[in-house]
Every structure is written in structure tokens, then in C-alpha cells.
Amino acid sequence: MSFETVLKAAQDGDADAQVAMGYLFFRGDGVGQDRREAARWFGLAADQGNAEAMCNLGYIKAHGYGVRGDLQVAISLYEKSAELGYPPAMFNLGFMYSDVEGVEQDWEKAAYWYGRASEAGSLPALYRLGVILQEGRGCDRDPVRAADCFSRALEGGYPKAGVRLASMQLSGDGVPRSPEKAVKSLAKAADLGSEDAMLELGRLSLTGEGMVKSEANAVKWLKKAKARGSREAAEILSQMGR
């Protein structure tokens, strides 16, 4: 569909086309990047009740992209979008309450919105909910539920969850201690591209915990982690070479 066609539909009040125009100007895709103009188009669609537009406009307001930043307005927009069932807005609300400077930290609200987002299929939200439960942030620590969150997130293809789950399997926190299962979790996370998982596999290869002790295997994993930017892996390899 041509730019002119989308523009005409947006000017005629089509909310989906207005959202599309917002993306074009936000990214500078085929047009000069103009985030104020992006906010205008998202705003027009948001006024028609479009949840995606509300979330996008909230993101712009949260970061002050092309417009004056306003965290409270961003939260309000995210809430409206989330209540309409838009998962990215649910995640963004969780993030606002857990990580954003300038917003009073509220782990109960963060857990609620990460929970809602994870129920809607967000793997990053499922992982973050697991972290909250594992560390007991604003709630009673619940390693069993945390491990379940990490396991499901890893199964869905979220590599960071594999590193957390493996740590719990190595220590027996929330799950029976099993170095062998930890190695399997790390291997899956490594296959998904996690340099932290590669680093841990290298370390475990040196100690032989959960796997056959093998310096050659350790070097293999550490080199992979180093190639992805791990300074720790580079340091271990340097020490091995001395």
C-alpha cells in the first residue's frame, strides 16, 4: 500500500491508517523522521479508542520523544490501553512501576501488570514476574512459582530465563537440586544466544559439575561467550592461557 493511500485513509479518519502514519514518522520510514508528527497521528487514533495508539503515545510521552515528556500522562495512556487488553501496555506499566526513575516504585503494581502481560503471552513479562517472586520484591519470596515462570519463559524461547532457572537448579532453590538439569537449561539458553549461559557452561566444564569435566569443552563455550562480548569469559581464557 502506497504512502499516499495510507495518508488519505488516515486523513479520512481511519484509526489503523493513523497508527501506520505514526509509525512511519516515528521511525523515519520513507519520510523524514518527525516524532512530534508521529505523536499527532497516534493521538488522533488514540482519541478514537485505538489501544495500540494509546500505548505508542504513552511511550512517546514517557521518553519525551519530540514532545514534552510526562510520566503521569504516559501511565494514564498505558492504563487505558492495558484495560483494553493491549499486552505491550501491560508490560510497559509493569516496567514503569519497577524501573523508571521519577515514578514511585510499586512492586505490587509491577507484579500485577507483569502478570497480566504474561497471561497475554509476553515472555519478558513472565521473566520479570519470576524475578520479583524469586527475590521477594514487595511480596513474600516464592521460589517455586519463580522457577515455574523461568521454566515457561525458557520453553517459550526467552534465554535470560534459562540462566536464572539454572542457578536455581544448581542451588536447589524452589526446585530439587540438579546440576544435570541446570546444564540442560543453560544449553538451551546458549542455543538461544545467551552469552551468560555460554559463560556458565564454560565454568561448569572446568569444574565438571553436571557434566563431564573438560577443558576443551570449557574453551569452546568460553570462546563463544567472548565472541558475544563477555569480558568474564575473556578473562578466564586469559588465565587458562598463562
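What you are looking at is a predicted structure, and each value in this text was computed from that prediction instead of being measured.
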Quick one, K80 and L84 - any side-chain contact, counting heavy atoms below 4.5 Å?
no

Please tell me if the side chains of L7 and W41 come closer than 4.5 Å, counting only heavy atoms from C-beta onward. yes

Taking NZ, NE, NH1 and NH2 as the nitrogens, is one of them in [X] or [Y] under 4.0 Å from a carboxylate oxygen of the other?
X	Y	result
R116	E119	no
D173	R141	yes
K109	E79	no
R203	E209	no

Given the rule that I, L, V, M, F, W and Y join up when any side-chain heavy atoms are under 4.5 Å apart, are [X] and [Y] in one cluster?
X	Y	result
L165	L170	no
V31	I60	no
L206	L237	yes
W113	L133	yes
V73	F42	yes

May I ask you to decide if [Y]'s main-chain N or O and [X]'s side chain share a donor-acceptor pair within less than 3.5 Å?
X	Y	result
Q134	P143	no
Q33	F26	yes
S151	A147	no
S81	L77	no
S171	S167	yes
R36	G66	yes

Kindly list each side-chain donor-acceptor pair under 3.5 angstrom involving residues 120-132, sequence neighbours excluded, with atom names and distances?
| unit_1 | atom_1 | unit_2 | atom_2 | d |
| --- | --- | --- | --- | --- |
| S122 | OG | A125 | N | 3.2 |
| R128 | NH1 | D99 | OD1 | 3.0 |
| R128 | NH1 | Y114 | OH | 3.2 |

Out of curiosity, [X] [atom1] to [Y] [atom2], how far, rounded to the nearest 0.5 Å?
X	Y	atom1	atom2	value
D191	L186	CG	CG	11.0 Å
D16	Q48	CG	CD	9.5 Å
L154	L192	CG	CG	6.5 Å
S230	E200	OG	CD	9.5 Å
S76	K61	OG	NZ	11.5 Å
L204	L199	CG	CG	9.5 Å

Quiz item: Between H63 and Y59, what is the ring plane arrangement, given parallel below 30°, perpendicular above 60°, and tilted in between?
Solution: tilted

Q) Would you say the ring centroid of Y78 lies under 6.0 angstrom from that of Y86? A) no

